[in-house]
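Worksheet for the structure shown next.
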Amino acid sequence: MSESGLPASWEVRHSNSKNLPYYFNPETKESRWEPPSGTDTEKLKNYMAVNHTPTARPDAAGQAEGKIRCSHLLVKHSGSRRPSSWREAEITRSKEEAIEILKGYEQRIQEGESLGDIAVSESDCSSARKKGDLGFFGHGEMQKEFEDAAFALEPGQVSSVVETASGVHLIQRYG
Ligand SMILES: O=C(O)CN(Cc1ccccc1)C(=O)c1nc(-c2ccccc2)[nH]c1C(=O)O
């Protein structure tokens with residue numbers, strides 16, 4: 001057992017875009033928001049209190065350094081790099097099905113619903129609890145396809161379906 005209480009080869013990292021710690025295994029390249037099974041949670045809690053004080057929320061100044069703020073709705077599928085989420089332990093839908101589901105949400109948003117209100121119950125990303133809000137991020141922080149689509153959006157605009165290794169997304173830029 002390591003000092004952090006995590007199983008061997010797992011480490012704690014910090015996601016700047018979400019201002020949250022996550023757990024990463026450099027050997028298997030797995031990443032997840034929850035501590036892996038076998039973690040001594042008491043030891044991890046003490047370790048985090050000492051080693052992972054949350055950084056300040058990105059304030060509006062984040063905008064000044066070429067950063068943008070987005071929310072997104074992620075639908076994972078069987079081909080996702082991690083086909084599991086807070087909603088569903090094992091995600092088996094096909095990518096085609098996931099795209100059809102997203103197109104349904106796209107229709108609802110065009111008819112006036114907000115992306116965040118749908119994301120809070122339907123998104124397979126842990127940001128669902130924050131209505132899909134990812135905070136501010138700059139170039140080099142997100143997967144390339146996601147970054148390219150997000151930076152091409154005008155403030156307030158919603159993307160079409162965007163595919164990444166995590167699944168398929170709808171992205172909305174704030175502002
Ligand atoms: O792709 C992977 O191997 C695992 N990931 C990425 C990830 C990254 C850090 C912490 C937890 C999960 C996801 O599947 C994932 N990607 C996202 C994501 C992708 C693009 C933009 C924002 C979030 N969310 C999640 C999630 O579970 O909550």
Side-chain angles (χ1 to χ4, degrees), residues 4 6-7 9-39 41 44 48 51-52 54-55 57-58 62 66-95 97-99 101-102 105-106 109 114-116 118-153 157-175:
S4 64
L6 291 168
S9 85
W10 280 89
E11 57 191 51
V12 191
R13 293 207 170 169
H14 188 78
S15 158
N16 287 323
S17 60
K18 300 191 200 158
N19 197 30
L20 285 173
Y22 67 93
Y23 306 93
F24 183 67
N25 183 331
E27 280 171 20
T28 63
K29 297 281 178 274
E30 273 183 283
S31 47
R32 58 185 64 181
W33 294 111
E34 314 77 20
S37 54
T39 296
T41 47
L44 177 62
M48 296 295 273
N51 298 281
H52 274 264
T55 50
R57 285 285 321 140
K67 294 197 171 192
I68 59 170
R69 183 182 178 191
C70 288
S71 58
H72 82 132
L73 197 169
L74 168 63
V75 177
K76 292 189 175 184
H77 50 79
S78 55
S80 290
R81 194 167 43 196
R82 190 172 77 95
S84 170
S85 77
W86 65 274
R87 292 184 84 248
E88 207 173 350
E90 186 189 355
I91 294 169
T92 57
R93 66 173 73 90
S94 69
K95 184 163 110 177
E97 264 178 86
I99 290 171
I101 290 169
L102 262 193
Y105 298 152
E106 205 173 17
I109 292 166
S114 81
L115 183 146
I118 301 172
V120 74
S121 60
E122 305 307 314
S123 178
D124 282 315
C125 177
S126 56
S127 60
R129 59 181 168 213
K130 293 183 289 184
K131 293 193 158 190
D133 185 6
L134 296 171
F136 286 98
F137 57 90
H139 290 284
E141 290 187 53
M142 296 294 191
Q143 294 169 74
K144 194 71 186 107
E145 306 85 347
F146 190 94
E147 172 186 319
D148 291 349
F151 275 85
L153 294 171
Q157 189 184 354
V158 180
S159 73
S160 53
V161 176
V162 176
E163 298 184 18
T164 70
S166 301
V168 290
H169 312 246
L170 290 178
I171 309 168
Q172 181 163 29
R173 182 174 169 185
Y174 277 74

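Nothing here was measured: the structure is a model prediction, and the numbers come from that model. Start at 1 and go down the list; that is how both ligands and their atoms are numbered.
Counting the atoms of ligand 1 from 1 in the order shown, those under 4.0 Å from a heavy atom of Arg32 are 11 (C). Taking every non-hydrogen atom of Phe146 and a distance limit under 4.0 Å, the qualifying atoms of ligand 1 come out as 20 (C), 21 (C). Remark: ligand 1 atoms within the under-4.0 Å shell around heavy atoms of Arg81 are 1 (O), 2 (C), 3 (O). Residue contact check: Gln143 has heavy atoms under 4.0 Å from atoms 19 (C), 20 (C) of ligand 1.
Among the atoms of Ser84, none of the N or O lies under 3.5 angstrom from an N or O of ligand 1. Taking distance alone, with nitrogen or oxygen atoms compared against 3.5 Å, His169 stays at or beyond that limit from ligand 1. Taking only nitrogen or oxygen atoms, main chain and side chain alike, Tyr22 does not reach within less than 3.5 Å of ligand 1. In terms of polar-atom proximity, defined here as any N/O pair under 3.5 Å, Thr164 makes no such contact with ligand 1.
For the ligand labelled ligand 1, residue Ser31 lies inside the 4.0 Å heavy-atom shell. Not a single heavy atom of Glu30 sits under 4.0 Å from any atom of ligand 1.
Arg173 places a side-chain N or O within donor-acceptor distance of the main-chain N or O of Leu153, the cut-off being under 3.5 Å. At distances below 3.5 Å, at least one donor-acceptor pair connects side-chain atoms of Ser80 with backbone N or O atoms of Ser166.
To the nearest 0.5 Å, the span separating OG on Ser121 from NZ on Lys131 amounts to 10.5 Å. Atom CD of Gln157 and atom OG of Ser160 lie 9.0 Å apart (nearest 0.5 Å).
One side chain, His169 or Thr164, offers a donor N or O that lies under 3.5 Å from an acceptor on the other.
Of the listed residues (Lys76, His72, Arg13), the one carrying the non-hydrogen atom nearest atom 22 (C) of ligand 1 is His72.
Between Val162 and Ala149, the shortest heavy-atom distance links the atoms CG2-CB, 3.6 Å. The minimum heavy-atom distance linking Tyr23 with Pro36 is given by the pair CB-CD, 4.1 Å.
Contact check for Leu134 versus Met142: side-chain heavy atoms found under the 4.5 Å cut-off.
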